[in-house]
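In the text below, chain A, chain B and the rest are named by the order of the sequence lines, each starting its count at 1.
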Protein chains: 2
Amino acid sequence: MEKTWYLKRINIFQGMSDKEMKQLNDITHMKHYDKKSLIYLPGDASDQVYLLKEGRVKISKLSEDGREITLVILEPGEIFGESAIVDDDETRSSVAEALENAYLCIISRKDFEEFINNKPGLALSITKLMGFRRRQIETMLEDLVFRGVHERLALLLLRLADRHGKAVGDKKLIDISLTHYDYANLIGSTRETTTACLNDFKREDLIEFQKRKVVILSERGLKKRAKYED
Amino acid sequence: MEKTWYLKRINIFQGMSDKEMKQLNDITHMKHYDKKSLIYLPGDASDQVYLLKEGRVKISKLSEDGREITLVILEPGEIFGESAIVDDDETRSSVAEALENAYLCIISRKDFEEFINNKPGLALSITKLMGFRRRQIETMLEDLVFRGVHERLALLLLRLADRHGKAVGDKKLIDISLTHYDYANLIGSTRETTTACLNDFKREDLIEFQKRKVVILSERGLKKRAKYED
DNA sequence: TGTTCTATGTAACTACACTTACATTTTTCG
DNA sequence: CGAAAAATGTAAGTGTAGTTACATAGAACA
């Protein structure tokens, strides 16, 4: 897949000295979130930055009538809510929800701003992170306009496999439990059509299910379905 | 409209000293682009940053089969191509095209990086710019998923009026000459449906045309059509 | 000024995916 | 364990917007 999707994470804090890590630790506090609990909602004050230590977190946008589009699913080690330090806007425009039991390090916007002050390397990392995420959203936008649901779903599965996958023999397990509803929100479609597409792929022996998880049986076949060439 | 769209531009260089401006000027060279000429294409080396002095520039993504989705239309004073300094990727993923005769200041990636080094304020501005643009793309994405073409077009016209508009009496002139094809690409639709929608709005006396330009007759009516409430 | 190219208007047809509506299965939790 | 809730399967019907196909109007340029 493209580099953008292949990189599992951008670790903002890599290459920091022990002293700096200690300093970071001091301004941080850890908090546990149950599975399915909300970390923030649209309209909430944008005054904290989060570092995901354990578990997975889903970032989505909501429509007035309760529909949802998911922008990204975050892995441990990733930072989020970073728009707090970048946007002038005071409130969140998306929802963050724990997909699994999760532990987060929470840093107040103010402390974080002070912390990155005079750490130009870190500031650059943040800038790169912003750029990286922008690029991902741009790709979602392109896909939405240029591709149909089968194509989008095939692409999604390939990307999820890169980001959250494990090789198991010659197969590849997407190691997150997602409902069809979740898949639908990741490709901007509905639960029903997504169910149908998933079953199409199953019938074509491109994927199979293990519990609530997808196993990719034929990466090549999926790529063909996604009209994606290496 | 929301703050995000209301801000006409983010001027990266505001508040810079004369000395810094001089310094910036030294690493810059000016170039003219004819209307309809391309500034860069997907695949081009991402080794320059551009400052738009005069004219307007359109940034779009292309599909394999030649379709196009426009991300933004830039006004004089705005910077673009900034992913050069932020992305690790070496090549452009979008097209930049001059919509009008344009003058650009061109800065090499290397010079620009050196220039912002030790100007933490400027680095922050760039980060904010990235965040700002990301937010805009996110809004486009939301609209694409949650709204139909009439709604998207109405929203587009309102936003264009904010960004590129002039009050003329109680009317508002969107002071750019765009073809229906351009409007279509801005809302992720086709030329034909966009023509039809524009004519619907005309028939409803929400807009009128002056040459190739749109005049908004009833902002309220358009907002209603966009299901947008102040 | 005439010719060519680009842009716009319109309409019939089509299709993809959304809606609606349940049945069935699986999971959760008291 | 059993009841309730959540998730999945499926199919018929519908609708919005895309496609195709021209006709006309307007701009550009020689």
In chain order, what residues pass the ring pair (Phe, Tyr, Trp, His ring centres under 6.0 Å) check against B:Tyr103, with sequence neighbours excluded?
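Applying ring pair (Phe, Tyr, Trp, His ring centres under 6.0 Å) to B:Tyr103 gives B:His32.
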Taking atom [atom2] of [N] as reference, at what distance in whole Å does atom [atom1] of [X] sit?
X	N	atom1	atom2	result
A:Lys213	C:dT27	NZ	P	13 Å
A:Asp34	C:dT28	CG	P	14 Å
A:Arg67	C:dA17	CZ	P	16 Å
B:Arg152	D:dT16	CZ	P	14 Å
B:Asp65	D:dT19	CG	C1'	13 Å
A:Leu144	C:dC18	CG	C1'	14 Å
B:Asn185	C:dA7	CG	C1'	14 Å
B:Glu208	C:dT8	CD	C1'	18 Å

Residues in salt bridge (Lys or Arg N to Asp or Glu O under 4.0 Å) contact with [X], at least two apart in sequence or another chain:
X	result
B:Asp205	none
B:Lys31	none
A:Glu192	none
B:Lys172	B:Asp162

With sequence neighbours excluded, what pairs up with [X] under the side chain to side chain donor-acceptor pair (under 3.5 Å) test?
X	value
B:Lys53	none
A:Ser46	A:Arg92
B:Thr70	B:Ser60

Detail all sub-3.5 Å separations between protein N/O atoms and N/O atoms belonging to nucleotides 23-30 of chain D.
none

Pairs: protein N or O with nucleotides 9-13 of chain C N or O, under 3.5 Å:
unit_1: C:dG9; atom_1: OP2; unit_2: B:Asn199; atom_2: ND2; d: 3.4
unit_1: C:dG9; atom_1: N7; unit_2: B:Arg191; atom_2: NH1; d: 3.1
unit_1: C:dG9; atom_1: O6; unit_2: B:Arg191; atom_2: NH2; d: 2.9

Nucleotide nearest B:Thr190 (side chain, heavy atoms from C-beta), chosen from D:dG18, C:dT8, D:dT8:
D:dG18
Sorted by first residue and then second, give each ring-ring contact (aromatic ring centres under 6.0 Å, His included) pair with at least one member in residues 34-57 of chain B; sequence neighbours left out.
B:Tyr40-B:Tyr50, B:Tyr50-B:Phe80
May I ask you to say whether B:Glu204 pairs ionically with B:Lys224, meaning some side-chain N is under 4.0 Å from a carboxylate O?
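Salt bridge absent between B:Glu204 and B:Lys224.
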Looking at B:Asp200 and B:Arg225, is any side-chain nitrogen of the basic one under 4.0 Å from a carboxylate oxygen of the acidic one?
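No, no charged N to carboxylate O under 4.0 Å.
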Rounding to 10 degrees, work out the angle separating the end axes of the helix from C:dT1-D:dA30 to C:dG30-D:dC1 (five pairs an end).
60°
